[in-house]
Amino acid sequence: MEKTALNFTLNGAETGVFVDAGANLLDVLRRGVGDQTPKYGCGQGSCGACSVLIDGELHLSCLTLAETVAGKSVETTAGLAGGPELHALQKAFIDGFAAQCGYCTPGMLMAARALLDSNPNPSRDDVAEAISGNICRCTGYEPIIDAILAAASGSGRRFG
Ligand code: FES
Ligand code: FES
């Protein structure tokens, strides 16, 4: 199959990869450039495990045609930490035992990141709504919501 060159920014780094026509972004991230933080859950837009930010907006990478991110900024949980320092959301998830099996966690973190970027002081309902597209099969929603609220209210938090 003929491949085409795709250039975009991944977590702040210029990235180039050859992609098959019709390839989805999740596949390109995981297999093409080796960022396996977005997870393959359902592959059909139902679980949120593959969530990433594209130009700051939350998207399901399994439903995103890879070619559409040409020249754009893609962010995944691989880029959340600032060097050795974890993002406030990551710290809060660890401190609050908000990850059980952890499979949904990257998608949850990206949904939470998108929420806090637009609404730094969300209500509990805001958080529940923001992660409503993210399925946790371990049914750990309460600790996840608590962790996101803790990150939002914590001192010394670092968003962005
Ligand atoms: S893998 Fe994309 S929504 Fe489930
Ligand atoms: S922690 Fe297991 S699916 Fe969410």
Side-chain angles (χ1 to χ4, degrees), residues 1 6 8-11 15 17-70 72-81 86-119 122-154 157 159:
M1 187 182 292
L6 173 65
F8 61 103
T9 302
L10 178 59
N11 297 322
T15 302
V17 62
F18 287 99
V19 301
D20 293 329
N24 69 58
L25 180 61
L26 177 60
D27 225 30
V28 168
L29 289 173
R30 290 182 59 84
R31 297 189 205 187
V33 300
D35 180 348
Q36 300 195 338
T37 55
K39 301 300 182 197
Y40 184 102
C42 65
Q44 56 186 20
S46 303
C47 75
C50 64
S51 299
V52 300
L53 301 186
I54 300 172
D55 283 349
E57 290 191 1
L58 193 65
H59 287 269
L60 299 172
S61 61
C62 73
L63 295 186
T64 301
L65 196 59
E67 295 159 38
T68 62
V69 304
K72 295 186 178 177
S73 166
V74 177
E75 294 171 77
T76 69
T77 48
L80 266 186
L86 292 178
H87 190 279
L89 281 163
Q90 292 171 306
K91 287 181 188 164
F93 270 59
I94 292 170
D95 292 346
F97 301 101
Q100 294 185 56
C101 79
Y103 203 80
C104 65
T105 305
M108 291 285 186
L109 287 167
M110 297 317 287
R113 162 82 189 275
L115 169 68
L116 298 187
D117 282 350
S118 64
N119 178 4
S123 67
R124 194 169 192 87
D125 285 349
D126 292 335
V127 174
E129 171 66 26
I131 62 166
S132 61
N134 296 74
I135 306 296
C136 177
R137 290 168 179 81
C138 307
T139 66
Y141 293 106
E142 290 303 315
I144 290 169
I145 293 171
D146 288 342
I148 295 169
L149 288 169
S153 65
R157 65 188 176 180
F159 299 142

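Small disclaimer: the values here were computed from a predicted structure and weren't measured. Positions are given from 1 along the sequence. One-based numbering, in listed order, for ligands and for the atoms of each.
- Here is the list of ligand 1 atoms found below 4.0 Å of a heavy atom in Cys47: 1 (S), 3 (S), 4 (Fe).
- With 3.5 Å as the limit, one finds no donor-acceptor pair spanning the side chains of Asp55 and Ser73.
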Derivation and outcome, side chain to side chain contact (heavy atoms under 4.5 Å, CB included), residues Val74 and Thr9: CA-CA 6 Å; Val74 177; Thr9 302; over 6 Å; no
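- Contact annotation: Cys62 places no N, O or S atom under 2.8 Å from atom 4 (Fe) of ligand 1.
- Going from atom OH of Tyr141 over to atom SG of Cys104 covers 7.5 Å, rounded to the nearest 0.5 Å.
- By the criterion of a heavy-atom distance under 4.0 Å, neither the backbone nor the side chain of Ser51 is placed next to ligand 1.
- Each of Leu63, Leu29, Leu60, Asp27 was compared with Cys50 under the side-chain contact (heavy atoms from CB on, under 4.5 Å) criterion, and only Leu60 meets it.
- Short contacts between ligand 2 and Cys138, defined as distances under 4.0 Å to a heavy atom of the residue, involve ligand atoms 1 (S), 2 (Fe), 3 (S).
- At the shortest separation from atom 3 (S) of ligand 2 among protein heavy atoms lies Arg137 N, 3.2 Å.
- Checked by atom type and distance alone, the side chain of Asp20 never pairs as donor or acceptor with a backbone atom of Ala23 at under 3.5 Å.
- Between the side chain of Thr77 and the backbone N or O of Leu80 there is no donor-acceptor pair closer than 3.5 Å.
- Atom 2 (Fe) of ligand 1 has an N, O or S atom of Cys50 closer than 2.8 Å.
- Look at Gly102 and you'll find a heavy atom under 4.0 Å from some atom of ligand 2.
- With rounding to the nearest 0.5 angstrom, the CD1 atom of Ile144 is 5.5 Å from the CZ atom of Phe93.
- Residue Gly48 has at least one heavy-atom neighbour below 4.0 Å for each of these atoms of ligand 1: 3 (S), 4 (Fe).
- For ligand 1, the atoms sitting less than 4.0 Å from at least one non-hydrogen atom of Gly45 are 3 (S), numbered in the order shown with element in parentheses.
- Of the N and O atoms on the side chains of Asp35 and Thr37, at least one donor lies less than 3.5 Å from an acceptor on the other residue.
- Atom 2 (Fe) of ligand 1 has no N, O or S atom of Cys42 closer than 2.8 Å.
- The side-chain heavy atoms of Pro122 and Leu116, taken from C-beta on, include a pair separated by under 4.5 Å.
- Residue contact annotation: Cys136 places an N/O/S atom under 2.8 Å from atom 4 (Fe) of ligand 2.
- Counting the atoms of ligand 2 from 1 in the order shown, those under 4.0 Å from a heavy atom of Cys101 are 1 (S), 2 (Fe), 3 (S).
- Numbered from 1 in the order shown, with element, the atoms of ligand 1 that lie under 4.0 Å from a heavy atom of Ser46 read 3 (S).
- Among the backbone and side-chain atoms of Cys104, an N/O/S atom is found under 2.8 Å from atom 4 (Fe) of ligand 2.
- Less than 4.0 angstrom separates some heavy atom of Gly43 from each of these atoms of ligand 1: 1 (S), 4 (Fe).
- Between atom OH of residue Tyr40 and atom CG of residue Asn24 there is a gap of 8.0 Å, rounded to the nearest 0.5 Å.
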